[in-house]
Amino acid sequence: QVQLVESGGGLVQAGGSLRLSCVASGRTFSNYAMGWFRQAPGKERDFVASISRSGGMTYYADSVKGRFTISRDNAKNTVYLQMNSLKPEDTDVYHCAAQRGALGVALTTTTEYDYWGQGTQVTVSS
């Protein structure tokens, strides 16, 4: 089992920045590729970004490319999502997810992940 706990969400004005964190516990963190997804009420959970086990490869949804940056610190069992130039349409609950054993990084569907966090709310006001 892997437990994931997100933090860092909040209310920010359009054009502002937030950094989300996701701390993992329970297994060797470096064995897992990590991803961030977001979900609005009543809608599907959408891919945002993913990062390989070592952190050497990253992959982004087109909607966030150039504005968001995913990174990880395996010594701290933590994955981050730096979000800049935020827009009202970025308002969602953001979830981190862990996938064991993947060699690639383009893990864009929810079914590819083994563990999920509870999420943190991000609200961007116009």
Side-chain angles (χ1 to χ4, degrees):
Q1 281 283 1
V2 174
Q3 292 79 43
L4 302 173
V5 179
E6 303 95 336
S7 63
L11 173 64
V12 64
Q13 288 188 333
S17 298
L18 283 174
R19 188 175 82 154
L20 306 183
S21 300
C22 171
V23 179
S25 60
R27 287 291 186 268
T28 303
F29 183 63
S30 58
N31 286 343
Y32 293 83
M34 299 296 295
W36 285 96
F37 286 72
R38 60 188 182 185
Q39 186 173 26
K43 294 188 176 181
E44 293 186 351
R45 197 166 288 187
D46 293 329
F47 171 75
V48 175
S50 56
I51 189 166
S52 61
R53 290 180 289 174
S54 68
M57 295 186 293
T58 58
Y59 193 77
Y60 297 92
D62 288 343
S63 58
V64 306
K65 204 172 294 182
R67 299 188 298 123
F68 291 10
T69 302
I70 188 171
S71 62
R72 67 189 295 162
D73 185 337
N74 285 347
K76 295 183 178 180
N77 289 0
T78 303
V79 62
Y80 304 97
L81 185 68
Q82 177 67 43
M83 305 185 295
N84 298 329
S85 302
L86 282 161
K87 306 174 182 180
E89 51 263 43
D90 294 318
T91 295
D92 271 324
V93 176
Y94 283 71
H95 299 266
C96 69
Q99 203 281 357
R100 189 178 188 282
L103 297 179
V105 70
L107 305 168
T108 63
T109 62
T110 57
T111 56
E112 295 179 278
Y113 289 84
D114 301 302
Y115 302 101
W116 292 87
Q118 291 298 309
T120 184
Q121 175 71 48
V122 171
T123 303
V124 184
S125 64
S126 58

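Predicted, not measured: the structure shown is a model, and the values here were computed from it.
In this structure the side chain of L4 reaches within 4.5 angstrom of the side chain of M34, judged on heavy atoms. Looking at R53 and S30, their side chains never come closer than 4.5 Å, going by heavy atoms from C-beta outward. Here the side chains of L86 and F68 are in contact, with some heavy-atom distance below 4.5 Å. With contacts defined as side-chain heavy-atom distances shorter than 4.5 Å, the pair V64/R38 qualifies. Within the 4.5 Å cutoff, side-chain heavy atoms of S50 are placed close to those of Y113.
The structure places CZ of R19 at 11.5 Å from OG1 of T69, a figure rounded to the nearest 0.5 Å. From L18, atom CG reaches atom CE of M83 across 4.5 Å, with rounding to the nearest 0.5 Å. If you take CZ on F47 and CH2 on W36, they are separated by 13.0 Å, rounding to the nearest 0.5 Å. A distance of 11.5 Å separates NE2 of H95 from CG of L20, quoted to the nearest 0.5 Å. Between the OH atom in Y94 and the CD atom in Q39 there is a gap of 12.0 Å [rounded to 0.5 Å]. Here the straight-line distance linking atom CG of D46 with atom OG1 of T109 works out to 12.0 Å at 0.5 Å rounding.
Both the sub-6.0 Å distance and the 45° axial angle are satisfied by R72 relative to the ring of F29.
When the side chains of ILVMFWY residues are joined at heavy-atom separations under 4.5 Å, either directly or via intervening members, Y115 and V79 end up in a single hydrophobic cluster.
Counting all heavy atoms, side chain and backbone alike, S126 lies closest to A14 at CA-CB, 4.4 Å. Between G9 and T120, the closest heavy-atom pair is N-OG1, 3.2 Å. Minimum heavy-atom separation, Y60 to I70: OH-N, 2.9 Å. Heavy atoms only, all atoms of each residue included: M57 and V105 are closest at O-CG2, 3.3 Å. Heavy-atom minimum distance, N74 versus S54: ND2-CA, 4.3 Å. A pairwise comparison of heavy atoms in A33 and L107 identifies CB-CD1, 3.6 Å as the closest pair.
Not one N or O on the side chain of N84 forms a donor-acceptor pair closer than 3.5 Å with the backbone of S17. Counting only distance, with no hydrogens or angles, the side chain of E6 and the backbone of C96 share a donor-acceptor pair below 3.5 Å. Judged by distance alone, with hydrogens and angles left aside, the side-chain atoms of T123 form no donor-acceptor pair with the main-chain N or O of T91 at under 3.5 Å.
Other residues, nucleotides and ligands contribute only 12 or fewer heavy atoms inside 6.0 Å of the CD atom of Q118. When the shell of 6.0 Å around OH of Y59 is examined, it contains 12 or fewer heavy atoms from other residues, nucleotides or ligands.
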Between R67 and D90, is a salt bridge (Lys or Arg N to Asp or Glu O under 4.0 Å) present by the stated rule, with each step listed?
CA-CA 11 Å; R67 299 188 298 123; D90 294 318; 2.7 Å; yes
